[in-house]
Amino acid sequence: NPNPNPNPNPNPNPNPHQAQRAPCVPPSAAVAAIRPPRYEHLEESPTYGPNQDRKLRSYQLEGVNWMVDCWHKRRNVLLADEMGLGKTAQCVATLSHIHELGPAGPFLIVAPLSTINHWARELRAWSSLRVVVLHGSAADRALLLKRLWHAAPGPRGGERPGYFFHVVVTTYETLLLEERVLRAVPWQYLIVDEAHRLKNVESRLRVAVQGLGAQQMALLTGTPVQNSTAELFSLLNLLDPARFGDAEDFEERYGRVTGAEQVAELQGLLKPLMLRRLKGDVISADEIPAKEETIVWVELTSQQKRQARAL
């Protein structure tokens, strides 16, 4: 007898779209901040990226080891390397290792609008994590949240779908606009770029970041102590509010650092939480290209010449 059903798929209602939307991260009930018994530091840089063609420099590997070790110890951190030392690559490598060692995610990166495309490019170049950039008009965001936020529903009717991403990159402004949606996600790791913007403890942005309830966070800034100890305390309070809860006491102790003993004490206080390297400390002089100055003479246009003569 001929088969009355010419479709060889045994599923009477196949849904190829659903099969393509398997969750990157399970629903919140199944997300656990699992950590291995101990973290073995990497002795040399592994290869990163879909093509396995990226490697960290020695000081970047040191930074990744430090960040993952702090994650293992449930300690928030402040990465304050000088601009140009690859804080983005170090953060992406850290998320990749956390993804391998413990929770699959979800991870959130909040950054200035001018850098979100750079973050997305680096995530795709240095990792195989699925990235969603949450930005755009209200209509764009609504479509993204509808199509790319949740995975397909589970096979059982009451099962909540997981998330269809590992990492979300968004801006400060979008965080405020989509605060309700972002608060509903059980973020396992939060990265805030240019974190000096959080120095005002009463600002709406600071309140929104704290309201995300992330398991752990990393703050990035290239100028951690250049302005004032009050701003430094503000960031430390965000990282460890139990330890840094009294702004007046901190200001009294370190507001005016006048002696070597105070400097040593402040350095010891910051060491577990902050990592800062300068280019001169980690890059040899022969690796830094010599400064070149090019002078290009530009002739005035006819209109500019007439206006110059008139003056």
Side-chain angles (χ1 to χ4, degrees), residues 21 23-34 71 74-78 91 94-95 98-99 102-113 115-116 119-120 123 129-154 158-220 234-242 245:
R21 289 175 58 84
C24 296
V25 181
S28 58
V31 173
I34 303 168
W71 164 79
R74 300 179 185 272
R75 182 190 300 152
N76 296 327
V77 296
L78 174 62
C91 289
T94 296
L95 293 183
I98 293 175
H99 172 74
F107 309 125
L108 177 64
I109 297 171
V110 182
L113 173 61
T115 66
I116 58 171
W119 274 101
L123 280 159
L129 301 175
R130 181 171 179 81
V131 183
V132 166
V133 177
L134 180 59
H135 176 60
S137 66
D140 292 337
R141 299 195 308 272
L143 183 62
L144 184 147
L145 292 171
K146 180 180 179 181
R147 299 287 181 86
L148 297 178
W149 202 251
H150 287 289
E159 185 178 359
R160 292 183 60 188
Y163 297 99
F164 195 48
F165 56 79
H166 294 114
V167 188
V168 170
V169 180
T170 193
T171 65
Y172 305 121
E173 295 77 16
T174 306
L175 168 60
L176 298 178
L177 292 171
E178 300 292 351
E179 187 175 356
R180 181 183 61 82
V181 172
L182 294 171
R183 279 193 177 201
V185 180
W187 304 109
Q188 296 300 306
Y189 205 89
L190 166 66
I191 295 174
V192 182
D193 196 2
E194 294 194 13
H196 49 269
R197 293 186 58 169
L198 303 176
K199 62 186 179 183
N200 184 352
V201 295
E202 297 180 355
S203 69
R204 190 182 166 203
L205 178 61
R206 170 73 174 253
V207 173
V209 167
Q210 290 176 306
L212 291 170
Q215 290 285 325
Q216 283 180 244
M217 74 172 71
L219 306 181
L220 309 185
S234 177
L235 297 181
L236 295 176
N237 172 258
L238 183 60
L239 294 173
D240 191 347

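Keep in mind the model is a prediction, meaning the values are calculated, not measured.
Remark: Glu194 engages no residue in a side chain to side chain donor-acceptor pair (under 3.5 Å) (not counting sequence neighbours). Partners of Gln210 by side chain to side chain donor-acceptor pair (under 3.5 Å), not counting sequence neighbours: none found.
Rounded to the nearest 0.5 Å, atoms CD (Gln215) and CZ (Phe107) are 11.5 Å apart. Once rounded to the nearest 0.5 Å, the distance linking CG of Leu143 with OG of Ser137 reads 9.5 Å. Rounding to the nearest 0.5 Å places CG of Leu205 at 5.5 Å from CG of Leu176. The line from CG of Leu134 to CD1 of Ile109 is 13.0 Å long, rounded to the nearest 0.5 Å. The CD1 atom of Ile191 sits 11.5 Å away from atom CE of Met217, with the distance rounded to the nearest 0.5 Å. To the nearest 0.5 angstrom, Leu113 atom CG is 11.0 Å from Tyr172 atom OH.
Outside the 6.0 Å centre-distance limit, the rings of Phe164 and His150 are not counted as a close aromatic pair.
Between Leu145 and Val181, some side-chain heavy-atom pair lies under the 4.5 Å cut-off. Contact check for Glu178 versus Thr170: no side-chain heavy atoms found under the 4.5 Å cut-off. No side-chain heavy atom of Asp240 sits less than 4.5 Å from a side-chain heavy atom of Asn76. Residues Leu95 and Tyr189 form a side-chain contact, since some pair of their non-hydrogen atoms from C-beta on lies under 4.5 Å apart. Residues Asn237 and Arg206 have side chains in contact (heavy-atom distance under 4.5 Å, counting atoms from C-beta outward). Contact of the Trp71 side chain with the Thr94 side chain is not registered, since no non-hydrogen atoms from C-beta on lie closer than 4.5 Å. Within the 4.5 Å cutoff, side-chain heavy atoms of Trp149 are placed close to those of Tyr163. Contact annotation: the side chain of Pro106 never approaches that of His166 to less than 4.5 Å [non-hydrogen atoms, C-beta and beyond].
Looking at Val169, Thr171, Leu190 one by one, the single match for side chain to side chain contact (heavy atoms under 4.5 Å, CB included) with Val110 turns out to be Leu190.
Remark: side-chain polar atoms of Glu202 are not paired, donor with acceptor, to backbone N or O of Asn200 under 3.5 angstrom. Side-chain atoms of Thr174 never come within 3.5 Å of backbone atoms of His135 as a donor-acceptor pair (strictly under, hydrogens ignored).
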Exercise for the section: Check the pair Arg130 / Leu148 against side chain to side chain contact (heavy atoms under 4.5 Å, CB included), numbers first and verdict last. Expected result: CA-CA 11 Å; Arg130 181 171 179 81; Leu148 297 178; 3.9 Å; yes
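Across all their heavy atoms, Ile116 and Ala111 have their closest contact at CG2-O, 4.1 Å. Nearest heavy atom pair, residue Leu182 against residue Trp187, reads O-NE1, 2.8 Å. Smallest separation of non-hydrogen atoms from Arg204 and Glu179: NH2-OE1, 4.1 Å. Asp193 and Thr115 get closest at one heavy-atom pair: OD2-OG1, 4.0 Å. The shortest non-hydrogen separation linking Pro241 to Leu238 is CD-O, 4.0 Å. Heavy atoms only, all atoms of each residue included: Leu219 and Leu235 are closest at CD1-O, 4.0 Å.
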